[in-house]
Amino acid sequence: MPLPDNFVAAVYKDPGVSRYRGNPLIEALPPIMDLKALKSQLTGTVSFDPKDCFAEPHQRAHEIASLLDDFFQPLSIHRQLEEKLSVMIRAGYVGRNPKDGSLNSKMQDGYQRIMDGATNNFRFAQTNSTAKCLSLIGCSGSGKSTTVNRILSTYPSVIFHSDINFVQLPYLRIECPSDGSLKSLCLNFFREIDRTLDTNYEQKYARKRHSTEVLLSLMGQVATQKALGVLVIDEVQRLGLKRSISKEAMLEFFVALVNVIGVPVVLVGTPKARPIFEMELQAGRRSAGFGSLFWEPMQRPNKARVDSNGKVRLSEWEAFTNKLWKYQWLKQRSETLDDATRDRWYSLSQGVLDIVVKLFVLAQLRAIATGIERVTPELLQKVYDDELIPVHPMLDALRRNDADLIVKYSDLHLPSIDKRLLELRHLIEQQQEQKKKEVSFGNNEKALRLYNLLQAMECDSSLLAPLIERVFKEHPSLGLPELTKIVLAWYSESQSSPTQTRSTTTKSIKPNKWHELGSDDLRFKYSQKSTSFYNELKLGAEVFDIHSRLKQVS
């Protein structure tokens, strides 16, 4: 009989650590990852082809939007979290080995607690739990949940041990209920078990009016029966919504969660949940056994430095933005990220990863919709002012480093981001239709791509249309590289002819089109400045430095 799609058959390998050997629950897990394997496993895969920068605008809009789901760059804190989870899962199995009887002892413990009404202590006092708890605190949008999910996805969701006819759950992730109820949280556990294993625990236990203590014992029994490796509870701050639940009650619940269930627990929440964990640390309770990891936004960037070996070491912010900057589907894209753009990017996003990526995506869509076709500091500012209004209070709190405000606005949320992406795509498609009416080439997609490519090379669009129509008439079977060479040769000839020279010198570009010119064109730079344009120009490059010249001749 074939296994369900989310099951894998156990394959046993030496874990490389003596205390882990001889335990099939650990030997069936993937190998412990080194830094190279971690980067390979966690790095997001973004499909990017440079020629797509000259594809149709509506196609590029879809490519750009893919960054929201596919881009992921591992950072040092991701490495730290992966190491902690790796240790927690494996160490948690040390005291639950089906070969030495410790797993059966755990199941007997859970059964005894249920039969005693969850009031007595464990029956087998000699059975020591190796489970620990980790609390992960950070503002919404900083990448906590995304990173945890990516790390967990490196483990199979269900492992079947055919030799002992046993099902193992390496991990289980649940969310705190929106009503902040502890009992609902317990039922969410059974619901997720049912979804993963196609069982009916929720129906079985929800019908009876069990107390929270009894439900905890039942959770422990199920977790032991299914050899749960780690339980991740997300959105812990929601438990504070119910005023009838005191911080002390929640603290006792979390302590019991680890002690009773006997598996490692990871609690993920925003700074609103921090008072609970701080009380936990002050009390020195067991549920804080693996410590708290405070997930802060990426720190204000330091400049690259040269180490003792002469190798340039980029800061995390520089490395992260350099990687993201490569994924631009814009005709006038800049290949290198200048300091002015990088600094503005950080100032606006405050290093919150979700905002960093969304700001970049929205800026690219706006660049296509407006025809600017490149990302500039001014464009980033405009997108921030127009599109990210809901998160301004939180980002302002981060700029001011105000702890009270950060807690108040810690649930960073962009409720209309998907709607705005659709609106920008629709605007791009409308403009594309208008452009096709102006230059259609008989709806020849290949001709339109060639037209876009040559326009991005700053060729005069008024000269391109007849040349492209001519080249497809004379050479319909050639590929795009050959056609590009021919058109550029014809274009060069037309530019050098006296008649054409006179016509191009008298040709003017309206100011409302200056933002579409090349990045080095002074008219483009003028279109991007809201302050005094002269003050933005560089002495000796764009403005004649008369003072320096006078000093030389005096």
Side-chain angles (χ1 to χ4, degrees), residues 1-33 37 40-42 82 85-111 114 127 129-131 148-174 186-205 217-233 261-266:
M1 181 177 178
L3 293 173
D5 292 339
N6 61 327
F7 282 54
V8 298
V11 176
Y12 306 105
K13 292 187 177 180
D14 185 351
V17 179
S18 59
R19 74 189 296 241
Y20 297 159
R21 291 191 179 102
N23 189 329
L25 301 180
I26 300 176
E27 292 178 343
L29 295 174
I32 299 172
M33 288 192 287
S40 175
Q41 292 280 350
L42 296 189
E82 190 280 329
L85 285 173
S86 176
V87 171
M88 289 175 72
I89 292 174
R90 289 166 175 81
Y93 280 133
V94 168
R96 294 179 290 157
N97 189 338
K99 285 190 174 181
D100 65 9
S102 55
L103 182 64
N104 289 334
S105 296
K106 287 286 184 185
M107 286 191 280
Q108 184 63 45
D109 291 342
Y111 172 74
I114 294 170
T127 305
S129 172
T130 54
V148 169
N149 290 340
R150 279 189 172 269
I151 293 172
L152 293 179
S153 69
T154 63
Y155 296 85
S157 58
V158 186
I159 301 175
F160 179 67
H161 300 259
S162 57
D163 55 337
I164 55 176
N165 193 28
F166 188 79
V167 171
Q168 175 187 0
L169 278 176
Y171 66 88
L172 192 75
R173 178 186 173 276
I174 63 176
C186 296
L187 294 178
N188 279 0
F189 171 86
F190 297 118
R191 185 178 300 120
E192 189 62 21
I193 289 283
D194 291 343
R195 188 194 65 80
T196 306
L197 299 178
D198 194 24
T199 50
N200 64 339
Y201 288 113
E202 183 188 13
Q203 183 181 7
K204 181 178 179 181
Y205 297 135
S217 296
L218 292 170
M219 287 171 64
Q221 186 72 346
V222 172
T224 304
Q225 290 173 352
K226 306 304 178 185
L228 179 58
V230 65
L231 174 63
V232 177
I233 305 178
I261 292 183
V263 301
V265 177
V266 177

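The shown structure was predicted, so the numbers you read here are calculated from the model rather than taken from an experiment.
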So, taking the atom named [atom1] in [X] and the one named [atom2] in [Y], what distance separates them when rounded to the nearest 0.5 Å?
X      : Y      : atom1 : atom2 : value
Phe189 : Leu231 : CZ    : CG    : 6.0 Å
Phe190 : Gln203 : CZ    : CD    : 13.5 Å
Leu172 : Leu152 : CG    : CG    : 9.5 Å
Ile159 : Leu25  : CD1   : CG    : 8.5 Å
Ile32  : Glu82  : CD1   : CD    : 9.0 Å
Met33  : Ile151 : CE    : CD1   : 7.0 Å

Without placing hydrogens or testing angles, list every side-chain donor-acceptor pair under 3.5 Å for residues 160-167, not counting sequence neighbours.
residue	atom	partner	partner atom	Å
His161	ND1	Tyr12	OH	2.7
His161	NE2	Gln168	OE1	2.6
Asp163	OD1	Tyr12	OH	3.3

Would you say [X] and [Y] make side-chain contact, with heavy atoms under 4.5 Å?
X      : Y      : value
Asn97  : Ile26  : no
Pro98  : Asn23  : yes
Leu169 : Ile193 : yes

Heavy-atom closest pair, residues [X] and [Y]:
X      : Y      : value
Ser157 : Pro170 : O-CD, 3.3 Å
Glu192 : Ile174 : CB-CG2, 3.7 Å
Phe7   : Thr196 : CE1-O, 4.3 Å
Gly22  : Lys99  : O-CD, 3.7 Å
Pro264 : Gly229 : CD-O, 3.1 Å

Who passes side chain to side chain donor-acceptor pair (under 3.5 Å) against [X], sequence neighbours left out?
X      : result
Arg150 : none
Asn6   : none
Tyr155 : Arg90
Asp194 : Thr199

Qualifying salt bridge (Lys or Arg N to Asp or Glu O under 4.0 Å) pairs, either residue in residues 21-32, two or more places apart: Asp14-Arg21
Please confirm whether the backbone N or O of Val263 pairs with a side-chain atom of Arg96, one donor and one acceptor, at under 3.5 Å?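 Side chain of Arg96 to backbone of Val263: no pair is present.
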Keeping Tyr93 on the side-chain end and Ala227 on the backbone end, is there a donor-acceptor pair under 3.5 Å?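 Yes: the side chain of Tyr93 pairs with the backbone of Ala227.
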